[in-house]
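Structure record follows, encoded as structure tokens.
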Amino acid sequence: MDEKYFPEEIEKKWQQRWDETGAFEVRTDDPRPKFYSLEMLPYPSGFLHMGHVRNYSIGDALAWYKRLQGFNVLHPIGWDSFGQPAEQAAIKRGVNPLVWTEENIGHMRGQLRRLGISYDWSREIAAHRPDYYKWDQWFFLKMFERNLAYKRVSPVNWCPNEETVLSNEQSSGGVCWRCGAAVEKRDLEQWFFRTTDYAEQLVQDMVQIESGWPEKVLKRQRDWVGRSEGAYLDFAVKGSNKKIRVFTTRIDTIFGATAIVLAVDHPLVAELLSGSDLKRDVDAFADKVAKSRSSRGQLAEEEKEGINTGVIAINPFSGENVPVWVANYVLTEYGTGAVMSVPAHDERDFEFAQKYSLPIRQVIAPITHSQMKAEPSLVVGTDQSAVMTRSFTDYGVLINSGDWSGRLSQDAIPEMTRQAEQQGFGAAAVTYRIRDWGVSRQRFWGAPVPIIYCDKCGTVPVPYDQLPVVLPATADFTGVGESPLAGVPEFVNTTCPNCSAPARRDTDTMDTFVDSSWYFFRYCDPRNDAMPFDPAIASAWIPVDQYIGGDSHAVMHLIYTRFWTKFMRDLGLIYFDEPVKKLLTQGMVTNRVEGTDEWKAMSKSLGNGVDPDEMIAAFGADATRLFVLFAAPVENELRWSETGTEGAVRFLRRVYTLVWRWQVRFAGAAEEYSLPPGEKLSGGARALRRKTHQTIARLTGDLEQLRLNTSIAGLMELLNELADFNADPDTAGAADAFVVKEALEALVLMLTPFAPHVAEEMWEGLGHHGGLLQARWPQADPELARREELEIPVQVNGKLRSRVLASPNISEDELRAAALADDKVRGFTEGHQIVKVIIVPQRLVNVVVR
RNA sequence: GCCGGAGUGGCGAAAUUGGUAUACGCACCAGACUCAAAAUCUGGCGAGGUCAAACUCAUGUCGGUUCGAGUCCGACCUCCGGCACCA
């Protein structure tokens with residue numbers, strides 16, 4: 001130890017030592033219990049930002065804490081290194097994507113090491129390397145074999161700016177998730193994974209993780225899967241043998257159906273109208289709708305429009321004739337692309353009916369008090385002349401519904417569904433909003449789709465022994481048109497694995513979310529060249545005990561990885577359903593935007609970024625990390641503050657100086673540091689001991705819940721108590737020195753998760769050799785943590801009036817007597833009748849008077 | 001519009017889940033050290049009130065339950081997120 005705290009030297013020293021000894025490398029056959037601490041792997045943009053620092057500091061704190069508790073901790077890192085920016089660099093600046101990516105990784109790896117995050121670097125992986133993406137391709141082939149990967153022409157979301165296909169998730173809100181450009185539609189042949197096959201499991205299995213995942217994330221996933229229970233119903237078309245199938249969740253409103261409405265590209269539209277005069281009008285209308293959809297993502301804001309086709313359908317329940325319309329507000333992709341329109345009880349149908357003067361027939365009446373209050377115009381048995389001013393969408397009691405009138409919605413729904421089934425015109429049904437995952441990208445910098453097209457044999461999977469399908473070293477990066485791979489003849493031209501005739505490779509690459517769906521399985525067995533991972537090894541580590549990342553991945557990545565896990569389970573690679581036990585979605589790191597009062601996520605374009613390297617240079621990695629963890633609860637937004645970081649340095653320096661002052665005594669004398677039996681401690685020493693043990697208990701609880709900010713506050717309190725104790729190392733007696741040593745050791749050990757370098761340095765200074773990896777988290781003695789004397793507040797009628805001193809084992813009677821005898825309390829009770837005295841043992845006395 | 005979450009000092013935030021509101025830190029103020037500054041150390045720091053105290057009022061607003069409410073219940077206001085024609 002140096003006399004002064006020089007973070008740079010200490011950090012360099014310990015980083016080097018950790019590196020040389022491979023300190024954080026772990027083995028799967030270690031007998032200790034395992035713990036898997038995982039942070040979302042970074043995209044190698046070239047530079048770490050403060051969000052990364054926060055993410056990895058949280059994960060590292062947990063990893064160190066668990067190590068000190070005796071766990072075998074897997075804490076790996078890798079690179080999500082396929083994706084657009086590398087290709088953009090190639091297009092704009094002519095840099096080779098591989099060179100660009102490897103350079104970025106090199107720089108960021110250096111930054112992570114300077115931060116001193118305790119990773120097992122021997123397990124580092126990168127998605128763009130053939131030994132990784134080989135397994136993306138392997139999984140693709142497995143999907144293909146099981147009919148979970150299929151190809152179809154489909155209108156895809158197309159970003160005109162980046163000229164690439166976007167998934168539904170990536171284009172939510174009608175804008176590109178990365179660049180914000182308005183999304184268009186295009187028809188392309190695309191590969192899809194059947195995520196819809198797993199829709200039900202994705203919802204059902206949430207019960208397995210709901211205790212460990214934020215409710216917010218689960219809710220978004222539930223919404224995303226969009227499970228909806230209802231029924232299919234077939235409406236016969238008059239004068240034809242065709243039927244129109246609709247999906248509804250409100251079969252109980254069917255007597256109020258006054259139209260059938262089809263989506264513009266519903267297949268029946270063309271059939272029903274062939275030869276009709278209206279066909280041209282409807283086609284023109286369909287074109288118009290398609291155009292306006294591609295230019296604007298905001299469907300909800302569009303005015304409802306439709307055309308009456310003149311076709312008549314028959315309501316299977318009432319036998320009534322209803323007109324068939326085509327309209328822009330019905331979605332092709334959801335349900336059956338056709339709905340029964342019930343204006344009285346559906347907002348959208350109501351709006352549509354008003355515009356086209358369709359009849360609005362009430363068939364559900366409100367029954368509860370709050371419904372009545374909200375809908376004064378609607379009453380049971382209302383006459384048909386009553387005018388509805390808006391739709392009534394609650395459940396209620398059926399009216400004007402033939403034999404069903406008088407039934408409750410809740411009862412009518414299952415019974416009407418049963419009748420529809422029995423009579424053969426309907427069935428109970430569950431629909432989902434989730435769609436299949438489009439994985440094709442017309443991109444160079446991704447894992448090539450391992451498929452070959454042969455004129456004779458058609459679509460042929462690349463044989464497993466020919467994997468990986470390696471990306472060519474380079475291509476023409478024009479940034480426009482089809483995939484760059486299509487312009488590389490050596491890549492495209494191949495022979496058919498079946499018949500050896502000349503054939504062509506698929507020129508698309510896979511979505512990068514494929515890479516990130518299973519990467520943390522690969523960490524467990526990163527150099528396996530026979531399989532993506534050994535099932536036994538992966539099962540020894542996974543499920544991940546704690547996963548940490550931004551909540552921007554609440555739906556995309558975190559749904560895909562759950563899907564992938566279930567798929568791997570069905571392949572027989574693993575036997576569990578869910579990959580992640582506990583999830584933490586950390587808050588953003590924000591900074592003030594210069595010249596404004598706004599706090600926004602740090603970004604280059606706003607000019608409010610903070611460079612982690614500069615922080616490390618100015619304050620040290622330990623102080624930077626400590627501040628980031630202390631400044632706010634992990635899930636909150638963190639507002640950047642430089643003075644806050646100075647405060648963190650101040651704290652570390654105070655601890656360091658104290659250790660320095662005492663280490664001479666601890667290292668020099670051959671004193672035995674145990675408390676001599678029967679030795680009486682001074683009041684101050686007892687208080688310090690108590691604080692030490694209270695702090696241990698507090699931190700142990702807080703860290704389990706990742707309450708890092710309060711943990712650090714606890715350490716600061718302990719330091720303050722140590723400073724107040726103010727014993728002199730040169731003259732302190734053995735008992736005082738023992739108490740100080742106990743406090744300092746606990747402080748240093750518990751500081752390790754937040755500031756590991758300086759903790760190592762101080763731990764060594766306190767005379768321990770072998771480093772913190774040999775050390776153990778301190779144990780709290782509950783007996784010592786307990787107060788020996790309590791200052792118990794005394795209230796009169798709930799207002800604090802005084803305090804009395806009492807020992808913790810004082811009886812209730814004694815406490816009551818002491819409280820009532822207190823001068824101040826007597827001042828407030830005099831002249832009143834004491835009704836009762838409430839005593840919360842060891843806590844409080846409340847005297848109730850009248 | 002619908003669904004979540006949150007409102008506590010000048011600021012980030014605590015409060016063992018109904019029991020001393022404002023821990024810890026930042027900023028600020030005063031003092032010590034210094035020729036001076038920085039650093040460091042000591043003290044102060046919700047509002048009103050007073051020489052000082054007593055005391056009063058304060059956890060978005062209004063009401064309720066309770067001996068006692070930041071915490072529970074009801075209504076409302078504001079802010080932040082998510083979803084948005086999903087039948």
Side-chain angles (χ1 to χ4, degrees), chain A residues 172-174 214-220 222-224 226-228 230 246-251 253 261 297-304 327-331 333-342 345-349 351-352 393 431-435 551 554-555 588 626-627 630-633 635-648 650-651 653-654 657 694 697-698 701-702 707 709-720 723 790-803 824 827 835-840 842-850:
Chain A
S172 68
E215 182 49 42
K216 189 168 71 165
V217 173
L218 293 174
K219 190 197 173 297
R220 283 182 65 185
R222 217 173 274 125
D223 287 352
W224 189 252
R227 184 181 196 278
S228 179
V246 303
F247 175 74
T248 180
T249 55
R250 292 298 303 274
I251 192 172
T253 65
V261 185
Q298 304 294 60
L299 295 176
E301 285 164 22
E302 236 165 293
E303 197 183 340
K304 293 184 176 31
N328 62 351
Y329 76 96
V330 176
L331 302 171
E333 321 82 66
Y334 184 78
T336 61
V339 302
M340 63 179 202
S341 177
V342 186
H345 306 291
D346 181 278
E347 269 176 52
R348 296 149 300 179
D349 295 337
E351 197 185 321
F352 189 69
T393 57
T431 60
Y432 303 90
R433 201 192 305 197
I434 193 172
R435 324 255 171 86
D551 71 357
V555 280
M588 279 195 306
L626 186 78
F627 168 69
F630 173 63
E635 65 277 3
N636 281 24
E637 173 187 333
L638 189 159
R639 299 187 162 193
W640 187 254
S641 148
E642 204 139 301
T643 54
T645 316
E646 284 164 22
R650 213 152 26 224
F651 167 67
R653 192 158 36 220
R654 284 178 68 204
T657 307
Q694 282 172 343
R698 174 176 172 183
D702 280 0
R707 293 159 51 115
N709 57 327
T710 52
S711 295
I712 294 167
L715 295 178
M716 290 172 167
E717 285 184 40
L718 178 57
L719 172 66
N720 290 343
L790 300 170
E791 212 180 38
I792 294 181
V794 182
Q795 303 176 341
V796 178
N797 283 354
K799 288 206 163 151
L800 177 67
R801 295 303 182 189
S802 183
R803 276 156 217 210
K824 278 193 186 160
V835 180
K836 58 177 162 176
V837 180
I838 290 148
I839 295 179
V840 183
Q842 302 191 21
R843 265 279 159 79
L844 166 136
V845 178
N846 187 10
V847 182
V848 185
V849 300
R850 207 168 26 212

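Order of the sequence lines sets the chain letters (A, B, ...), proteins ahead of strands, with each chain counted from 1. It should be emphasised that the depicted structure is a prediction, and the values quoted were computed from it without experimental measurement. Side chains are part of it too, since the values below use all heavy atoms of this structure and drop only hydrogens, waters and symmetry mates.
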Residues, nucleotides or ligands: over 12 heavy atoms within 6.0 Å of E347(A) CD:
no
What's R227(A) touching, base or sugar-phosphate or nothing? Going by heavy atoms closer than 4.0 Å.
nothing
Note, RNA chain B 5' to 3' with Watson-Crick or G-U pairs under 3.5 Å encoded as ( ), [ ], | and . gives (((((((..(((......[....))).(((((.......))))).(((......)))..(((((..]....))))))))))))....
Identify all pairs in which a protein N or O lies below 3.5 Å from an N or O of nucleotides 27-31 of chain B, and state each distance.
from	atom 1	to	atom 2	distance (Å)
A27(B)	OP2	R650(A)	NH2	3.4

How long is the straight-line distance from CZ of R707(A) back to CZ of R698(A), given to the nearest 0.5 Å?
8.5 Å
Base, sugar-phosphate alone, or nothing: which one does D349(A) contact when heavy atoms must sit under 4.0 Å apart?
nothing
Closest contact, heavy atoms only, P793(A) versus R843(A):
CD-O, 3.1 Å
Report the residues that fulfil ring-ring contact (aromatic ring centres under 6.0 Å, His included) with F651(A), sequence neighbours left out, ordered by chain and then residue number.
none
OP1 or OP2 of C57(B) versus the side-chain N and O atoms of K799(A): is any pair under 4.0 Å?
yes
For every nucleotide of nucleotides 14-21 of chain B, 5' to 3': is a protein heavy atom under 4.0 Å from its base (B), only from its sugar-phosphate (S), or from neither (-)?
SSB--BB-
For atom CZ of F651(A) and atom P of C26(B), their distance in whole Å
11 Å
Can you name the closest pair of heavy atoms from V217(A) and A554(A) and give their distance?
CG1-O, 3.8 Å
Where is the tightest heavy-atom contact between L844(A) and Q795(A), given as atom of each residue plus distance?
CD1-NE2, 3.3 Å
Once ring-ring contact (aromatic ring centres under 6.0 Å, His included) is applied, do any residues pair with F630(A), and if so which ones, sequence neighbours excluded?
none
The side chain of R220(A) lies closest to which of these nucleotides: A87(B), C67(B), G82(B)?
G82(B)
Could you please name the option among A87(B), C55(B), A39(B) that lies closest to any side-chain atom of S228(A)?
A87(B)
Answer yes when E646(A) and R653(A) have at least one side-chain N-carboxylate O distance shorter than 4.0 Å, and no when they do not.
no
Since syn is defined as within 90° of 0, does G64(B) count as syn or as anti?
anti
I'd like a list of close polar pairs between nucleotides 4-10 of chain B and the protein, N/O only, cut-off under 3.5 Å.
none

Establish, with yes or no, whether the OP1 or OP2 oxygen of A87(B) is under 4.0 angstrom from a side-chain nitrogen or oxygen of Y329(A).
no
Need one value for G647(A): base, sugar-phosphate or nothing, where a base atom within 4.0 Å counts as base even if backbone is also close, heavy atoms only.
sugar-phosphate
Determine, for Y329(A) and K304(A), whether the Lys NZ or Arg CZ falls below 6.0 Å from the six-membered ring centre while staying within 45 degrees of the axis.
yes
Residues D551(A) and K216(A) bridged, charged N to O under 4.0 Å:
yes
